[in-house]
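A quick write-up on the structure given underneath.
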Amino acid sequence: MKQLIFRRLLQLVCVVWGVGTLTFVLMRALPGDMAYRIAASRYGQDNVDSQAAALVRNELQLDLPPWLAYWHWLMDLLQFKLGHSLVSGEPVIDSVQHMLGHSLLLAVAGLCLSALIAVPLGLFSAWRGNPLDSVLMGLSSMVRAMPVFVLGVLLLLVFALHWNWFPVAGFGTAMHLVLPALTLAISFAAISNRVVRDSAKQVFGSSFYTFSQVKGLSKWRTFQRHGIRNIALPVVAFLGIQLVSMIEGIVMIESLFSWPGIGHGLAHAIFARDIPVIQGAALAMGALFVLLNTLVDIVCHWIDPRGGMPV
Amino acid sequence: MRSLFRFIRQMGFGFLASFLVVYGSMSWAASSKENTLSISSAFEFTSLDPSKNGYIYTRMQLLETLLDVNSKGQLVPALASKWKVSEDAKSWRFTLRDKVHFHDGSLMDANAVVKSLTIAKQKHGALRKAPIESIQAIDSKTVEVRLTKPYLLLGAILAHYSNAILAPASYGKKGDVLALSGTGPYQLSLYAPPHKLVVEKNSAYWGKKASIPYVSYLTGHRAESRVMQARSGQADIVFGLAPAALPLLKKLPSLTLYSNSIPRTIALKVNSGHPFLNDVRARQALSLAINRTGIAKSILRIPDSEAEQLLPPSMTDWYLPTISKEPMPLESAQALLASLGWKKNADGVLERDGKTFDLTLITYADRPELTTVATALQAQWNAIGVRTKVNVTNSSAIPMGHQDGSLEVALMARNYGFIANPLGVILSDFGANGGDWGAMNWHNKTMSTLLGSLEHTTDPKKYHQLAQQAAQLIYQQRPMIPVSYYVQQTAVNNRVKGFHFDPFERSFFLNDLEFKSP
């Protein structure tokens, strides 16, 4: 266990450095003058001009050579300082906390809901086989092919406009969470039910599963004893990894439901060339990725300890 | 190592706090649907600083300025009950209103005003560009602004949101804004940038007290989402509705729709120094080739919003009432181009001295209608043989392209009411060297003389005469080509009464609003 934590910590340091450096290089390589971009985001489209850009350039020392700016960033990072947003002037850590907190909440709620949809559907597909399996798979392909934005609008039309059960947009109460989480969950369940179905089909068709029934165990007992763990292994690995892509890939949902998450915040920061916020968000997501990987490995080891502790 | 633990702890507590904030009852728990007016608009806010996001805070009536602007664009008293300009127009004296308190309880006096204005002057904004020599308190109720030269725009500039007056305790040591303690009829209750703002009524307000206890503002990024907020009744007032949604919304008995003209114009900035555009006939031809009626009707879906002139009819000094449309615009455009030596080649593209008439038009997606209008212009100019490449970029590319000379043509939405007196924007757009958002490589001595005179003219008749001459010059020379005027579409739920729209978009007039009794 100690070795695992040590190795993952080392991995974390490498990821943080790598992600930060890559973000720095990519942002500097983008075309356009950073000072103008930042000034446009700071003062608004009506109020951006060359004087505003000159003010920003001077205040933020944007004329510094890239290597010196990189050195300053690296030194700050070593002291665990993420700096201040170039647009709002607020500490990056506050922005990242606010955005990532909301994104995590949405992603976890979406993931739980998607598990509630995908697991029964996947198992049912694998258990009943055709023609139900083909129908459900076709349906999930259809949902997956639909842009998440369209799905969100459909849910809004039904649940917010027609029945008036949930608010259209905003945040602050559990009611505000329902529709964005459901949109995310349905979109995500359309993939994860396939993983569950494939995994279940493989287990249901395996010799050890047949043998357990032949030796006299009931269908439910067989499923409980030999099904759940074996099916869960690839599903847990898939869900764990998907959580991070969910957090970063929900820009449209956040935008549609006015949800202050990191996907939307990151997109805005990129348009504004707000490098400290981009780096802060990327670092937090990189760290989250390592953390989730570690957690998934530990959970997988707990489900199936045969392969030994991962390192 | 200690820093590392502190960092991890901060992040951990931060996430935990965010979760609790969402699930727990928030600080504005006292507000409910019954006592809260909810507003939805497209604008985000990221900073407390009025120089950055002051337009949200003055609209939400948290902040006020020394002078206000009425619907006709005239200056009226606000925090200053009266003001006087010296004979040489180099000194402005403002007498402050009595017994006005900031939201933090402190008294608004001359020192507080001087501090706010001095800080505003150091930041980006119109005040920074004004020829100010000093801002000083004469006594506790009088503030004097001394100028290095006569500058009649000062009143309009002081009415700008970036020059809002805040309590001295709102500022940090370096002039950064730490709290939003203004003097308005509402005070801050919840601040959750970039999306949500809740304000509650200020019972100690000096003027007309608000009737609605709470007002919430939610940024609705997507037009579809804002329409649904209006339809579902979640938002009481929704600004910036897409024209396509209006027919549907008009049918709803719960809503009243308002269409209000605002002094914003969709216009083309033209590089008059470009070899293809340096002759006025080329710019006139491009202007003639634009089917403005089609754009207004089919793209913007606002019939009669087509603009032949830069400034809208509401700005009477700058609007030419006698302009008539060209009866055969396309033929006239082609004739003008032919007179410049352009001939169509086998591909239908204009060619002169072996060079084809190719232009790059840049625009930005902050206002989604601009990209659609840009592609319509592309098709309309292609019809006369001008091959146009549309490049959708960031709005900052326009001032940047102006400065480095790379800009050819840019499509934008220019707000001529940004400063209450349009002369402020005209001066920065058509001054000696043009402007980042105005003329480019267009040098006209008559225009410079006219603008110079307008800066000092106090007589309204003479001002009108000079402004008309300047407008005529812009119309004839076409350093900027207008396309269409803006109309703000707003949906108001019928449970709200007293709504009226500010064409200068300075205020939502929240203290005039009431809920109808059920």
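Here is how names work: the chains are called A, B, and so on, in the same order as the sequence lines, proteins then strands, and each is numbered from 1. No hydrogens, no waters, no symmetry mates; every other heavy atom, side chains included, goes into these values.
Ionic pairing of Asp46(A) and Arg264(B) is present here: one or more N-O contacts between side-chain nitrogen and carboxylate oxygen are shorter than 4.0 angstrom.
Here the CG atom belonging to Asp274(A) is positioned 9.0 Å from the OG1 atom belonging to Thr46(B), to the nearest 0.5 angstrom. For the atom pair OG of Ser428(B) and CD of Gln51(A), the computed distance is 9.0 Å after rounding to the nearest 0.5 Å. The CG atom of Leu218(B) sits 7.0 Å away from the CZ atom of Phe171(A) when rounded to the nearest 0.5 Å.
Taking 4.5 Å as the limit, every side-chain heavy atom of Gln229(B) sits out of range of all side-chain heavy atoms of Leu156(A). Proximity of Met400(B) to Arg37(A): side-chain heavy atoms (C-beta onward) are nowhere separated by under 4.5 Å. At least one side-chain heavy atom of Val168(A) sits under 4.5 Å from a side-chain heavy atom of Ser225(B). Two residues are said to be in side-chain contact when any heavy atoms from C-beta on lie closer than 4.5 Å; Val56(A) and His124(B) fail this criterion.
Heavy atoms only, all atoms of each residue included: Tyr161(B) and Tyr43(A) are closest at OH-O, 4.3 Å.
Interface residue Asn164(A): only side-chain heavy atoms are found under 4.5 Å from chain B. Only the side chain of Tyr364(B) comes within less than 4.5 Å of a heavy atom in chain A; its backbone stays farther off. Neither the backbone nor the side chain of Phe257(A) has a heavy atom closer than 4.5 Å to any heavy atom of chain B. Of the two parts of Tyr416(B), neither the backbone nor the side chain holds a non-hydrogen atom closer than 4.5 Å to a non-hydrogen atom of chain A. Proximity to chain A (any heavy atom under 4.5 Å) is restricted, for Thr219(B), to the backbone atoms N, CA, C and O. If you measure heavy-atom distances from Leu256(A) to chain B, the contacts under 4.5 Å come from both the backbone and the side chain. Residue contact with chain B, scored on non-hydrogen atoms closer than 4.5 Å, is absent for His162(A). In this structure, chain B has no heavy atom under 4.5 Å from any part of Ala53(A). Interface remark: Arg226(B) contributes no atoms to any contact with chain A (heavy atom separation under 4.5 Å). Looking at Gln45(A), the atoms closer than 4.5 Å to chain B (heavy atoms on both sides) sit in the backbone and in the side chain alike. Contact of Ala169(A) with chain B is made through backbone and side chain together, with heavy-atom distances under 4.5 Å.
Aromatic rings from His102(A) and His195(B) are positioned such that their centres are separated by 6.0 Å or more.
Considering only heavy-atom pairs separated by less than 4.5 Å from chain B, the leading option among Ala52(A), Ser95(A), Ala287(A), Ser41(A) is Ala52(A). The candidate with the highest count of non-hydrogen atom pairs below 4.5 Å against chain B, out of Ile38(A), Leu157(A), Val48(A), Asn47(A), is Asn47(A). Interface summary for chain A: among Lys129(B), Arg414(B), His402(B), the most heavy-atom pairs under 4.5 angstrom belong to Lys129(B). Chain A forms more heavy-atom pairs under 4.5 Å with one residue of Phe45(B), Phe418(B), Phe43(B) than with any other, namely Phe418(B). Per-residue counts of heavy-atom pairs under 4.5 Å with chain A were compared for Glu44(B), Arg367(B), Glu224(B); the largest is that of Glu44(B).
With hydrogens and angles disregarded, a donor-acceptor distance shorter than 3.5 Å links the side chain of Asp436(B) to the backbone of Ser50(A). Of the possible donor and acceptor atoms, none in the side chain of Lys196(B) sits under 3.5 Å from a partner among the backbone N and O of Gly170(A).
No more than 12 heavy atoms of other residues, nucleotides or ligands shown are found within 6.0 angstrom of CZ on Phe271(A).
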- How far apart are the C-alpha atoms of Lys52(B) and Val87(A), what are their side-chain angles, what is the distance that settles it, and do they pass the side-chain contact (heavy atoms from CB on, under 4.5 Å) test? CA-CA 9 Å; Lys52(B) 295 175 183 169; Val87(A) 174; over 6 Å; no
